There are 2 protein chains.
Amino acid sequence: MVDEIMLFLLRNGAHMAPVSITTTDMGEALGMSQQNISRRLMLLEKKDMVLRRKGSVALTEKGISEIKELLAILQNSFDSKLRMTGVIADGLGEGRFYLSRPRYGKAIKEKFGFKPFPGTLNIRLDAEGVELRRRMLQLEPIIVDGFSENGRTFGDLFSYKAAVEDVECAVVVPTRTHHGKEIIEVVAPMNLRKTLRKKTGDKVAIRIW
Amino acid sequence: MVDEIMLFLLRNGAHMAPVSITTTDMGEALGMSQQNISRRLMLLEKKDMVLRRKGSVALTEKGISEIKELLAILQNSFDSKLRMTGVIADGLGEGRFYLSRPRYGKAIKEKFGFKPFPGTLNIRLDAEGVELRRRMLQLEPIIVDGFSENGRTFGDLFSYKAAVEDVECAVVVPTRTHHGKEIIEVVAPMNLRKTLRKKTGDKVAIRIW
DNA sequence: ATTACTAAAGATCGAGTAT
DNA sequence: TATACTCGATCTTTAGTAA
């Protein structure tokens, strides 16, 4: 959680260079006692969010990345529709196996309102898409619960309402995925390749909301 | 102050339409007790940050503007550019060797949009610059992948969009550098010494973004 | 089934003060 | 001068349970 002390440090450039400031001055700026700033800086340091060295404070890499995560959440929320592009990739056949499990099919019907075609469309994102995918994962997911069947475990799926070329569908992200970060799997009520008349390597746009 | 409850509501679109959710479910999502969510929602309502109506919650205008204020702080902080100063140093000739490899040239063209001049400009940073270089290394790098060629290994390069005296370029940091911490290497589409009419020992400013 | 009150535990705070 | 410890007051939280 990003608190007002980290925010204060950020505003003073502590993500770029160490900031020289006393606990007394910080307390004054934030309307807190010197003692409380002292205590809270110690806590932040223990959590590896800030680094203190002879009179100066800097945000650590971890601290900065927490703040960036918060930034991404806010940005995503305000430009509600995320749009990524990529090309159709050859699937691993894994999606088909998963999606044909009746329990997944039922869960998707429940959460998305359609019965999934037994196979996923895999899309290889471009560089910008990979970045947007990272943002997508910070959105509140629709969780499709996993289960066990015949001794095999099917993990939870994180899923998101989406559209590929304006055809309504869902992006599903297995909790323990076998894909790299540049591939996303799309589930739809029909065979998307046929419906869209697309083949491997063709460019497509995916919108998330 | 924007708290985790407001953030949760935002992620669920409560700035666009009321969200139907129970205090129990929210507690589960946020790892808090139902009672605490209940209490905190009441407080937020008293502060006019949220509006509750028969089982649903929405962010108020005031709540939304507080969140937007936070967003603006974060964006401004990260938009601000890192600026270092130093003097032009004599190169080690190593940059030229690296950058003349077609594969590096191609990768840089891809990531930065220019074909690199076959040689780097080496800049010896001043004390403050050395500190800022440390900060630069904590920014998200643009990674230029390494490779092997004729039995020799060329490691990954961490690179950053930059400008020397307002000429667009890239700072590259070999993963296994032979330079000390006070030298940075700059790659540009042209011979920067000539373009800038600078010689060894002349002062220059580098901006990173 | 959902929300919110009460009470007690736990966390956070400022004042005083030692290092 | 600056930082951080102790301690009592205040706040925040959870569990139990009433509305």
Side-chain angles (χ1 to χ4, degrees), chain A residues 1-15 17-60 62-63 66-67 70 73 107 110-111 140 142-143 145, chain B residues 1-15 17-60 62-63 66-67 70 73 127-128 131:
Chain A
M1 188 65 197
V2 177
D3 66 10
E4 60 256 70
I5 292 188
M6 289 178 66
L7 233 43
F8 174 86
L9 291 171
L10 180 77
R11 294 176 81 151
N12 284 274
H15 59 307
V19 172
S20 291
I21 190 166
T22 66
T23 52
T24 305
D25 289 345
M26 255 177 97
E28 191 138 333
L30 290 170
M32 288 181 201
S33 66
Q34 171 273 320
Q35 294 88 336
N36 198 30
I37 299 287
S38 169
R39 184 184 129 274
R40 288 181 60 169
L41 278 177
M42 283 188 286
L43 286 175
L44 285 172
E45 197 169 20
K46 189 143 67 184
K47 286 194 229 161
D48 196 29
M49 304 294 259
V50 306
L51 195 72
R52 306 175 72 188
R53 197 167 288 161
K54 47 183 164 58
S56 69
V57 197
L59 288 161
T60 61
K62 187 179 168 200
E66 288 237 353
I67 294 169
L70 172 62
I73 290 171
E110 228 170 79
K111 310 242 173 177
E140 191 67 31
I142 295 165
I143 296 175
D145 294 322
Chain B
M1 188 66 195
V2 177
D3 66 10
E4 60 258 68
I5 293 188
M6 289 177 67
L7 233 43
F8 175 87
L9 291 171
L10 180 76
R11 292 174 80 154
N12 284 276
H15 58 308
V19 171
S20 290
I21 189 165
T22 66
T23 52
T24 305
D25 289 346
M26 256 177 95
E28 191 139 332
L30 290 170
M32 287 181 201
S33 65
Q34 171 272 320
Q35 295 87 336
N36 198 29
I37 299 287
S38 168
R39 185 185 128 274
R40 286 180 61 169
L41 279 176
M42 284 189 284
L43 286 175
L44 285 172
E45 197 169 20
K46 189 144 63 180
K47 286 194 231 163
D48 195 28
M49 304 294 259
V50 306
L51 197 70
R52 304 176 72 188
R53 197 165 290 162
K54 47 181 163 59
S56 67
V57 197
L59 287 161
T60 61
K62 188 181 169 197
E66 287 237 354
I67 294 169
L70 172 62
I73 290 171
E128 194 187 299
E131 184 55 38

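Throughout, a chain's letter reflects where its sequence line sits, starting with A, and its residues are numbered from 1. Only a predicted model underlies this, so the values are computations on that prediction, with no experimental measurement involved.
The nearest whole Å value for the distance from the CE atom in M26(A) to the P atom in dT1(D) is 20 Å. R52(B) has its CZ atom 10 Å from the C1' atom of dT2(C), to the nearest Å. When the P atom of dT3(D) is taken as reference, atom CD of E45(A) falls 12 Å away, rounded to whole Å. Between E28(B) atom CD and dT14(D) atom P the separation is 13 Å, expressed in whole Å. When rounded to the nearest whole Å, the span between CE of M42(A) and P of dA11(C) equals 16 Å. What separates CG of D25(B) from P of dA1(C) is a distance of 12 Å, to the nearest Å. Residue I21(B) contributes atom CD1, which lies 15 Å from atom C1' of dA1(C) at whole-angstrom precision. Regarding L44(B), its CG atom lies at a distance of 12 Å from the P atom of dT12(D), rounded to whole Å.
Annotation: side chain of I21(B) is in contact with side chain of F8(B) (closest heavy-atom distance under 4.5 Å). Between I67(A) and H15(A) there is no side-chain heavy-atom pair separated by less than 4.5 Å.
Closest non-hydrogen pair, V57(B) versus A14(B), comes out as O-CB, 4.0 Å. Annotation for V2(A) and M1(B): closest pair O-CE, 3.9 Å, computed over non-hydrogen atoms. In plain terms, the two heavy atoms of K111(A) and I143(A) that are nearest each other are NZ-O, 2.9 Å.
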Show every donor-acceptor pair shorter than 3.5 Å between a side-chain atom in residues 40-52 of chain B and any protein atom, with sequence neighbours excluded, or say none if there are none.
| unit_1 | atom_1 | unit_2 | atom_2 | d |
| --- | --- | --- | --- | --- |
| R40(B) | NH2 | D3(B) | OD2 | 3.2 |
| R40(B) | NH2 | E4(B) | OE1 | 3.2 |
| E45(B) | OE2 | R52(B) | N | 3.3 |

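Atom CD in Q34(A) sits 12.0 Å away from atom CD in E28(A) (nearest 0.5 Å). Note that the CD atom of Q35(B) and the OG1 atom of T23(B) stand 8.0 Å from one another [nearest 0.5 Å]. With rounding to the nearest 0.5 Å, the separation of CG in L10(A) from CD1 in I5(A) is 13.5 Å.
At least one side-chain nitrogen or oxygen of T23(B) sits closer than 4.0 Å to the OP1 or OP2 atom of dT3(C).
Axis angle across the helix from dT2(C)-dA19(D) to dT19(C)-dA2(D), with five pairs used at each end and values rounded to 10°: 40°.
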Exercise for the section: Summarise how protein sits on nucleotides 13-19 of chain C as a single string, 5' to 3': B when a protein heavy atom is under 4.0 Å from the base, S for sugar-phosphate-only contact, - for no contact. Expected result: SBBB---

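Residue contacts for T22(B): at a heavy-atom cut-off of 4.0 Å it reaches the sugar-phosphate backbone alone, with no base atom in range. S38(A) comes within 4.0 angstrom of a base, heavy atoms only.
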